[in-house]
There are 2 protein chains.
Amino acid sequence: MAELRAVGPPPRRTHTIGEVINLLRPEFPDISVSKVRFLESRGLIQPGRSSSGYRVFTDEDVQRIQYVITEQRDHYLPLKVIKSKLSAWDKGKESPVVPDSGPPPEAYFASSGVSLSTREILRSSGLSEELLDALEREGIIDPVELPDGTPVYTDSDLQIARAAHRLLNRGLEPRHLRGIRLAADRQTDLLGQLVAPLLRHRNPDNQRRSSEILADTSEASAIIQETLVRSRLRKLLEH
Amino acid sequence: MAELRAVGPPPRRTHTIGEVINLLRPEFPDISVSKVRFLESRGLIQPGRSSSGYRVFTDEDVQRIQYVITEQRDHYLPLKVIKSKLSAWDKGKESPVVPDSGPPPEAYFASSGVSLSTREILRSSGLSEELLDALEREGIIDPVELPDGTPVYTDSDLQIARAAHRLLNRGLEPRHLRGIRLAADRQTDLLGQLVAPLLRHRNPDNQRRSSEILADTSEASAIIQETLVRSRLRKLLEH
DNA sequence: GAAAACCCTCAAGCTCCGGTTGAACGTCGC
DNA sequence: GCGACGTTCAACCGGAGCTTGAGGGTTTTC
C-alpha cells in the first residue's frame, strides 16, 4: 500500500488489529482479535480501513477499546449502555462528515406522555408522602395541577423522584437538593438565552433549530459538569 | 398453622409470596413470583417457611428483594455481585476477606491514566490555543504541571475540552462556563461532606464505602439536574 | 365440602448477551 | 511463493436470568 500522506497533520501512528491486541494484552489478558471485531460489529468502535480492507486503528481507537473493556470489567455495564455513553462523548469530535442529521433533534425532548397520580408516584419511587412533599417544596419536583387541584406527575418527575430517593437514602436531606435545583435553573437560563432570538420569531424552522441547539448544548454542559465533579471527587478520594 | 409467637418484639407482619409481588409490583412492574423464587435459589434471599412449606417473607425480606432489583435496575449489577454486596451487608461489620479477586473495589473513579500534551489536547479537541487558555483561566480545565512547568492533561480534560468546544461553537463564551464550574464545585462540596466523616479515619473499608457512596450519589444528582434542565427546556420550547 | 385461588418442587426450555470457531479466501513482507 | 497476518460470514456456544409446565399439596371462600 502507498497511502500517500504528502502533507497534513502529524504522522499519526496507526496499528493493525494484531498490534492492538498486543498493546492491550498486558492490561487485559482476555482481549482477543475476535472480541475487537465483535465490538466493531456492535458499533462501539469504528476503526478506519486500509485500501486493502484491513482495519486501521489510531491511538484514539485503542483508547476507546480500552475504555469499553474497563467499563465492562469495573462496572459490569452492558455494551448497549457503554455504547450510549460513548456516543454522547463522540458527538464532540465527529461533525465534518455529517451532512444531515441521523436522529431527529426533537427526540431529545420527547416526553413519554405518561402521567401519574400521587399514589402512583409514591409507589413507583418508594418515597414517603412527607419526602415527596418536601421535594415539591424545594421545587425539585413540581407537578402540574388540574383545575380541581389534584397534582399530575410526569415520567420526568418519576425519574427525579427515584434519583432523589437514592440521595436521601445516603443521608442527604431535601433542603440539600435545593442547590441542585438552583444549578438547573441557572443552566436553563443560560441555554435559554442562546435560543431566545430564535424563539422570538417562531416558525417551524426556528423551532427545529432551537431544539437542536438546546439538545446539543444541554448535553455538552451536563458532560462538563459531571466530568468535573467526578474528577474532583476522585482527587478527594485520593487525598 | 399456629406459629405461636407468645411474647416478643413488634408483631411482625409477614407475607406470602403473592403478597410480596403485589407489594413490589407498582415500583417494579416486571417482578414475578418465579423471579422471587429464582432469587432464593441463587441464595440472595432466605425467606422462612411455614409448617406447610409456604415461603414466609418478613418486611426485611421484602426490603432485601427491593434492594436486589434496584441494584439490577440502577447499576446493572449481576446477581453474583449483588449477592456478595448483600452478604457483606449481612455480616454487618464483618467482611474482612473478599474471597474472590474478581471485581476491583468500586472503580467508578478509575482514570484511564492516559495523559496528553498541550499539542495533543488541542488537536484532539479542536480548540484553539486561546480558547484552551481561556478555559484554563475559568478553571474549567486545569492540567497538572510538571516540575518544569509543562502542563499535562488527562482524558477527563479531553472530554471536557470537547464538550466545551461544542458549547463555544454554539455561541457561548468561556466566561459563561464559569457557572458550570461553580455548580460542579458546589456539588462536589455537598457530596464531599457526605463522606467526610469516613475519610477522617482512612482505612481500606472506609475508602471503599466512600467511593461507593460518591459514585451513587454523584450519579443520582446528575440525573436530577439533567432531568430538571431537560424538562424546563422542553417547556420553553413548547412555549 | 367442594371449587377456586394460591402455594410447592423440579426439570426443561428459552432469550439475550458476549463472544468463539471454522471455512474459505485475500494481502503483506521476506 | 510461503508463512504470518488480515478479511467475511454463518454457525455455534456457555452463562445469566428467568419462564413454563407437569404434577401435586394447602388455604380461602362460598
Side-chain angles (χ1 to χ4, degrees), chain A residues 1-3 14-25 28-57 61-62 64-65 67-86, chain B residues 1-3 14-25 28-57 61-62 65 67-86 100 102-103:
Chain A
M1 75 175 193
E3 302 265 307
T14 63
H15 317 269
T16 67
I17 198 168
E19 288 164 356
V20 170
I21 299 309
N22 290 330
L23 280 170
L24 295 174
R25 179 89 65 195
F28 310 92
D30 53 348
I31 189 71
S32 73
V33 173
S34 64
K35 192 161 175 169
V36 172
R37 289 204 266 244
F38 176 73
L39 292 181
E40 188 193 17
S41 80
R42 282 286 201 273
L44 302 211
I45 52 174
Q46 291 117 323
R49 296 296 179 125
S50 75
S51 50
S52 58
Y54 280 26
R55 286 173 182 81
V56 174
F57 296 82
D61 289 323
V62 177
R64 238 180 128 83
I65 297 174
Y67 174 76
V68 171
I69 46 194
T70 31
E71 285 297 285
Q72 276 196 299
R73 189 189 57 187
D74 296 347
H75 305 307
Y76 311 94
L77 293 187
L79 292 183
K80 276 184 190 173
V81 176
I82 299 177
K83 185 179 176 185
S84 72
K85 292 182 93 171
L86 274 173
Chain B
M1 74 175 195
E3 303 264 308
T14 63
H15 317 269
T16 68
I17 198 167
E19 289 164 356
V20 171
I21 298 311
N22 290 329
L23 243 42
L24 295 173
R25 178 92 65 193
F28 310 93
D30 52 348
I31 189 73
S32 72
V33 173
S34 62
K35 193 162 173 169
V36 172
R37 291 203 266 243
F38 176 73
L39 292 181
E40 187 193 18
S41 81
R42 282 287 199 274
L44 303 216
I45 51 174
Q46 291 117 310
R49 295 294 177 127
S50 75
S51 50
S52 57
Y54 280 27
R55 287 174 181 79
V56 174
F57 296 82
D61 289 322
V62 176
I65 297 173
Y67 174 77
V68 171
I69 46 195
T70 315
E71 287 297 286
Q72 278 194 300
R73 188 189 60 189
D74 292 350
H75 301 302
Y76 310 93
L77 294 187
L79 293 183
K80 275 184 189 174
V81 176
I82 299 176
K83 184 179 177 184
S84 75
K85 290 183 92 170
L86 271 175
D100 60 313

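This one's a predicted model, so the numbers in the text were calculated from it and none came from an experiment.
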The criterion is side chain to side chain donor-acceptor pair (under 3.5 Å); which residues satisfy it with [X], sequence neighbours excluded?
X: A:E40; value: A:R49, A:R55
X: A:K80; value: none
X: A:S84; value: none
X: A:S32; value: A:S34

| query | Hey, which of A:V33, A:D61, A:I65 is the one that makes side-chain contact (heavy atoms from CB on, under 4.5 Å) with A:V20? | reply |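 Of A:V33, A:D61, A:I65, side-chain contact (heavy atoms from CB on, under 4.5 Å) with A:V20 is met by A:I65 alone.
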
| Interatomic spacing from CG in A:N22 to CD1 in A:I17 - rounded to 0.5 Å |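 Those atoms lie 11.5 Å apart.
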
Report, one pair per line, the protein and nucleotides 9-11 of chain D atoms (nitrogen or oxygen only) whose separation is under 3.5 Å.
none

| said: Quick check against the 3.5 Å criterion: does B:E19 have a side-chain atom that pairs as donor or acceptor with the backbone of B:T16? | reply: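 Answer holds: yes.
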
Quickly work out the [X] [atom1] to [N] [atom2] distance and round it to whole Å.
X: A:E19; N: D:dG6; atom1: CD; atom2: C1'; value: 12 Å
X: B:I31; N: D:dT19; atom1: CD1; atom2: C1'; value: 13 Å
X: B:E71; N: D:dA16; atom1: CD; atom2: P; value: 19 Å
X: A:F57; N: D:dC5; atom1: CZ; atom2: P; value: 16 Å
X: B:E40; N: C:dT9; atom1: CD; atom2: C1'; value: 11 Å

| field | Nearest atoms (heavy-atom pairs only) where A:Q72 meets A:I82 | value |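 It is CG-CD1, 3.8 Å.
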
Applying side chain to side chain contact (heavy atoms under 4.5 Å, CB included), can you list everything that pairs with [X], at least two apart in sequence or on another chain?
X: B:Y76; value: A:L77, A:P78, A:V81
X: B:D74; value: A:R166, B:T70
X: A:Y54; value: A:S50, A:S52

| field | Contact under 4.0 Å: A:R49 side-chain N or O vs D:dT8 OP1/OP2 | value |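 Result: yes.
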
| Distance check: side-chain N/O of A:R55 vs OP1/OP2 of C:dT27, anything under 4.0 Å? |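 No, because none of the side-chain N or O atoms of A:R55 sits under 4.0 Å from OP1 or OP2 of C:dT27.
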
Identify all pairs in which a protein N or O lies below 3.5 Å from an N or O of nucleotides 3-6 of chain C, and state each distance.
| from | atom 1 | to | atom 2 | distance (Å) |
| --- | --- | --- | --- | --- |
| C:dC6 | O2 | B:Y54 | OH | 3.3 |

Using a cutoff of under 3.5 Å, can you pull out all pairs of nitrogen or oxygen atoms linking the protein to nucleotides 17-20 of chain C, with atom names and distances?
| from | atom 1 | to | atom 2 | distance (Å) |
| --- | --- | --- | --- | --- |
| C:dC17 | OP1 | A:K80 | NZ | 3.0 |
| C:dG18 | OP1 | A:L79 | N | 3.2 |
| C:dG19 | OP1 | A:K35 | NZ | 3.1 |
| C:dG19 | OP2 | A:Q72 | OE1 | 3.3 |
| C:dG19 | OP2 | A:Q72 | NE2 | 2.7 |
| C:dT20 | OP2 | A:S32 | OG | 2.6 |
| C:dT20 | OP2 | A:S34 | OG | 2.3 |
| C:dT20 | OP2 | A:K35 | N | 3.4 |

